[in-house]
Amino acid sequence: MSFARHLPRLRAFGASGVLAAMVGGVGVFTAGAPAVAADLLNVKAQPAYMKQCVSQGEGFFYIPGTDTCLRVGGYLWAEGYYNTYSNYPSENDKTYSIATAGMIFDARTETEYGTLRSYMETRFKWRTADPWSDGPNGTEIEVWNMYIQFAGFTFGHAQSFFDFYANANVLGTDPGTIGDDVRLNLIGYTAEFSKGFSATVSLEDASDRASGVQSIYPVLPDVLDNYQAGIQAPDIVGNINYTGEWGQVQISGALHQVRAVNLINTLSGTEDNWGYALQGGLMFNLPTLGEGDTLYIQSAYADGAVSYLGLQDPSGEYSPPDAFLGFGGLTKVSGWNVTASLLHNWNEKWSTAVFGGYAAYDFNNQTAETFYGNSGGKNANVGGYIGFTPVKSLLLAVQYDWTYNSATDYVFTGFGPSRGSIDANRVLLFAQREF
């Protein structure tokens, strides 16, 4: 069995027994006449049977008394991290752990307009430290997916329609791979065509995409850390996708508003511009190598929309803004990336994956380059895992990844990174149980 995409497959959740007990108890609470304890002992429970919803696939059952099919499932993860990078702060934890319980509910009803679907996936976590940082211990509740689909529309919190590779073949709660993998609030429409073609247009909440705006003059008094103004427009995202027996291909695009307060009048003045991102991705099925084997190749270009590059920066010193602000207006930061991932299943019990990416970006403003001491930067990452599946729905794995960041044309000025480059190593011990 392949656990490649690290997306939990749903299993029957024992729902038939639970619901049967609930239905069997209805008679006790709806009886019209009083009953004594002795009478209750003589009541024979009427068995209630869950009818399988074959049309929706494995694990779906009709909710009694309705025409809605429900599938309930989940997963548990146990993760132990060891991480370190050059110039590691002494207050940060080099080891930490995470326990995650994921619950999934998938309800579907057939209508004259097609399937009405409600999908919810929530993660309950206990983690002992933040990624690459320190503690304290704490509980987190994360809405991973929560959306409604109907007649081609998607409403709610879901994966961005810009994404394609989206950390395929990478394990763990805190993955560190280059490439966009974002869930946010959106409304989208997907048109399905014949022979595997589809097209989607989506309005997506830009608050998850804002990388900030910095002044090109950090020496000026009262310089703000972030000159970004309030969000006025959602990101406009679209894709064209083809899926066939050989694999999948997708072309994605996004428009992203870049809006900043005026450098002089920070109360009411604004500077406005639009950034964009383009991406192309390929996924090949490789049955000749092994059942479920896949190869991903993806590349993106962004101008004023840095978040779409999916840069990884554990130290926090090499995260570029969407743009720089000067007296002449906004100068957008541009960049590109390339990502690849290969999964191979040796047999039913053993699998391996390797992944890597490279990205580069440019400030495109000579004044900003002078003050911040660099003209842009580079980001690289590589990693892989070895997985063992001793029994069905249980994965035990060890994963390693290495991340590198550097500043191009680096000169120390006190306003940019404290050093020209930094690298980070991480090892993950991982256990996953699906049900």
Side-chain angles (χ1 to χ4, degrees), residues 2-8 77-88 92-98 100 127 129-133 163-182 279 281-284 286 289-290 292-300 309-319 336-346 350-360 377-389 395-406 421-432:
S2 168
F3 287 82
R5 272 190 82 79
H6 198 45
L7 297 178
W77 299 343
E79 304 169 66
Y81 286 92
Y82 172 80
N83 58 73
T84 183
Y85 53 81
S86 50
N87 199 31
Y88 202 95
N92 287 10
D93 294 333
K94 290 189 176 181
T95 62
Y96 69 98
S97 58
I98 307 174
T100 301
R127 63 160 65 235
D130 293 328
W132 301 98
S133 187
D163 294 355
F164 179 71
Y165 165 67
N167 279 336
N169 310 332
V170 182
L171 303 177
T173 301
D174 299 333
T177 57
I178 295 170
D180 199 56
D181 181 21
V182 175
Q279 179 174 271
L282 287 165
M283 187 277 284
F284 298 97
L286 304 175
L289 291 181
D293 285 19
T294 58
L295 170 64
Y296 281 87
I297 302 174
Q298 176 182 282
S299 182
L309 295 178
L311 302 174
Q312 299 296 323
D313 182 19
S315 69
E317 292 192 273
Y318 303 86
S319 299
W336 61 275
N337 70 21
V338 61
T339 304
S341 173
L342 174 65
L343 168 73
H344 176 53
N345 294 291
W346 299 91
W350 291 95
S351 63
T352 56
V354 292
F355 49 85
Y358 178 86
K378 298 178 177 64
N379 183 200
N381 119 282
V382 65
Y385 77 79
I386 299 174
F388 175 56
T389 307
L395 173 65
L396 306 175
V398 56
Q399 178 174 277
Y400 167 80
D401 65 82
W402 173 78
T403 301
Y404 173 80
N405 284 276
S406 67
S421 65
I422 196 169
D423 67 292
N425 296 275
R426 177 164 50 185
V427 175
L428 165 65
L429 300 179
F430 182 80
Q432 173 180 282

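FYI, the numbering just counts along the sequence from 1.
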Trainee: Are Arg127 and Asp174 close enough for a salt bridge, meaning some N to O gap below 4.0 Å?
Mentor: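 Looking at Asp174 together with Arg127, the answer is yes, because their closest N to O distance falls below 4.0 Å.
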
Trainee: Sequence neighbours left out, what passes ring pair (Phe, Tyr, Trp, His ring centres under 6.0 Å) with Tyr400? Give chain and number order.
Mentor: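 Partners of Tyr400 by the ring pair (Phe, Tyr, Trp, His ring centres under 6.0 Å) criterion come out as none, since no residue qualifies.
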
Trainee: How far does CG of Leu343 sit from OH of Tyr296, to the nearest 0.5 angstrom?
Mentor: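 Going from CG on Leu343 over to OH on Tyr296, the span is 9.5 Å.
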
Trainee: So which atom in Ala397 and which in Gly387 form the shortest heavy-atom distance, rounded to 0.1 Å?
Mentor: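 Looks like CB-CA, 3.9 Å.
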
Trainee: Holding to side chain to side chain donor-acceptor pair (under 3.5 Å), I want the full list of residues that pass it with Asp180, two or more places apart in sequence or in another chain.
Mentor: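 Here the qualifying residues are Arg209.
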
Trainee: Excluding sequence neighbours, so at least two apart, what forms side chain to side chain contact (heavy atoms under 4.5 Å, CB included) with Leu342?
Mentor: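 Leu342: side chain to side chain contact (heavy atoms under 4.5 Å, CB included) contacts with Leu286, Leu295, Val354.
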
Trainee: Name all residues meeting the side chain to side chain donor-acceptor pair (under 3.5 Å) criterion together with Thr352; count only those two or more places apart in sequence or in a different chain, and write none if there are none.
Mentor: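 Once residues adjacent in sequence are excluded, the partners of Thr352 under the side chain to side chain donor-acceptor pair (under 3.5 Å) criterion are Trp346.
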
Trainee: Taking C-beta and beyond as the side chain, do Thr173 and Pro131 meet within less than 4.5 Å on heavy atoms?
Mentor: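 Answer no - side chains too far apart.
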
Trainee: Distance from Asp130 atom CG to Ile98 atom CD1, nearest 0.5 Å?
Mentor: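 So the CG of Asp130 and the CD1 of Ile98 are separated by 9.5 Å.
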
Trainee: Listed by chain and number, what are the salt bridge (charged side-chain N to carboxylate O under 4.0 Å, His left out) partners of Asp163, not counting sequence neighbours?
Mentor: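 Result, salt bridge (charged side-chain N to carboxylate O under 4.0 Å, His left out) vs Asp163: none returned.
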
Trainee: What distance do Arg426 atom CZ and Trp132 atom CH2 have between them, rounded to the nearest 0.5 Å?
Mentor: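 CH2 of Trp132 is found 5.0 Å from CZ of Arg426.
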
Trainee: Would you please name every residue forming a ring pair (Phe, Tyr, Trp, His ring centres under 6.0 Å) with Tyr404, sequence neighbours left out?
Mentor: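 Tyr404 satisfies ring pair (Phe, Tyr, Trp, His ring centres under 6.0 Å) with Trp402 only.
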
Trainee: With sequence neighbours excluded, what pairs up with Ala360 under the side chain to side chain contact (heavy atoms under 4.5 Å, CB included) test?
Mentor: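 Applying side chain to side chain contact (heavy atoms under 4.5 Å, CB included) to Ala360 gives Trp336, Tyr358, Lys378.
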
Trainee: Holding to ring pair (Phe, Tyr, Trp, His ring centres under 6.0 Å), I want the full list of residues that pass it with Tyr318, two or more places apart in sequence or in another chain.
Mentor: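 By the ring pair (Phe, Tyr, Trp, His ring centres under 6.0 Å) rule, Tyr318 matches no residue at all.
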
Trainee: Could you work out, with ring pair (Phe, Tyr, Trp, His ring centres under 6.0 Å) as the rule, every residue matching Tyr88, not counting sequence neighbours?
Mentor: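 Tyr88 satisfies ring pair (Phe, Tyr, Trp, His ring centres under 6.0 Å) with Tyr85 only.
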
Trainee: Holding to side chain to side chain contact (heavy atoms under 4.5 Å, CB included), I want the full list of residues that pass it with Leu428, two or more places apart in sequence or in another chain.
Mentor: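 Result, side chain to side chain contact (heavy atoms under 4.5 Å, CB included) vs Leu428: Glu79, Tyr81, Leu171, Gln399, Phe430.
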
Trainee: Would you say the side-chain atoms of Thr339 pair up with the backbone N or O of Ile178, donor to acceptor, closer than 3.5 Å?
Mentor: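 A pair under 3.5 Å: yes.
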
Trainee: Side-chain contact test, heavy atoms from C-beta onward, threshold under 4.5 Å: evaluate it for Asp313 versus Asn379 and give yes or no.
Mentor: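 The answer is no; the side chains never approach within 4.5 Å.
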
Trainee: For Gly290, is there any backbone N or O sitting under 3.5 Å from a side-chain donor or acceptor partner on Asn345?
Mentor: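 It does not hold such a pair.
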
Trainee: Any side-chain donor paired with an acceptor under 3.5 Å for Asp93 and Thr95?
Mentor: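 No donor-acceptor contact under 3.5 Å links the two side chains.
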
Trainee: Within a strict 4.5 Å, meaning less than it, do heavy atoms of the Ser315 and Asn405 side chains meet?
Mentor: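 They are not in side-chain contact.
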
Trainee: In Å and rounded to the nearest 0.5 Å, what is the CD to CG distance from Gln312 to Asn337?
Mentor: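 Answer for the CD-CG pair, Gln312 versus Asn337, is 11.0 Å.
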
Trainee: With sequence neighbours left out, what residues match Asp181 under salt bridge (charged side-chain N to carboxylate O under 4.0 Å, His left out)?
Mentor: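 If we apply the salt bridge (charged side-chain N to carboxylate O under 4.0 Å, His left out) test to Asp181, skipping adjacent residues, the hits are Arg183.
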
Trainee: Over all heavy atoms of both residues, which pair between Ala129 and Ser133 is shortest? Give the atoms and the distance, please.
Mentor: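 That would be CB-O, 4.1 Å.
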
Trainee: Under a 4.5 Å cut-off applied to non-hydrogen side-chain atoms, are Tyr82 and Asn425 in contact?
Mentor: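 No, side chains not in contact.
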
Trainee: Return the set of residues passing side chain to side chain contact (heavy atoms under 4.5 Å, CB included) with Ser86 (not counting sequence neighbours), or none when no residue passes.
Mentor: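 Partners of Ser86 by the side chain to side chain contact (heavy atoms under 4.5 Å, CB included) criterion, ordered by chain and then number, come out as Arg419, Ile422, Asp423.
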
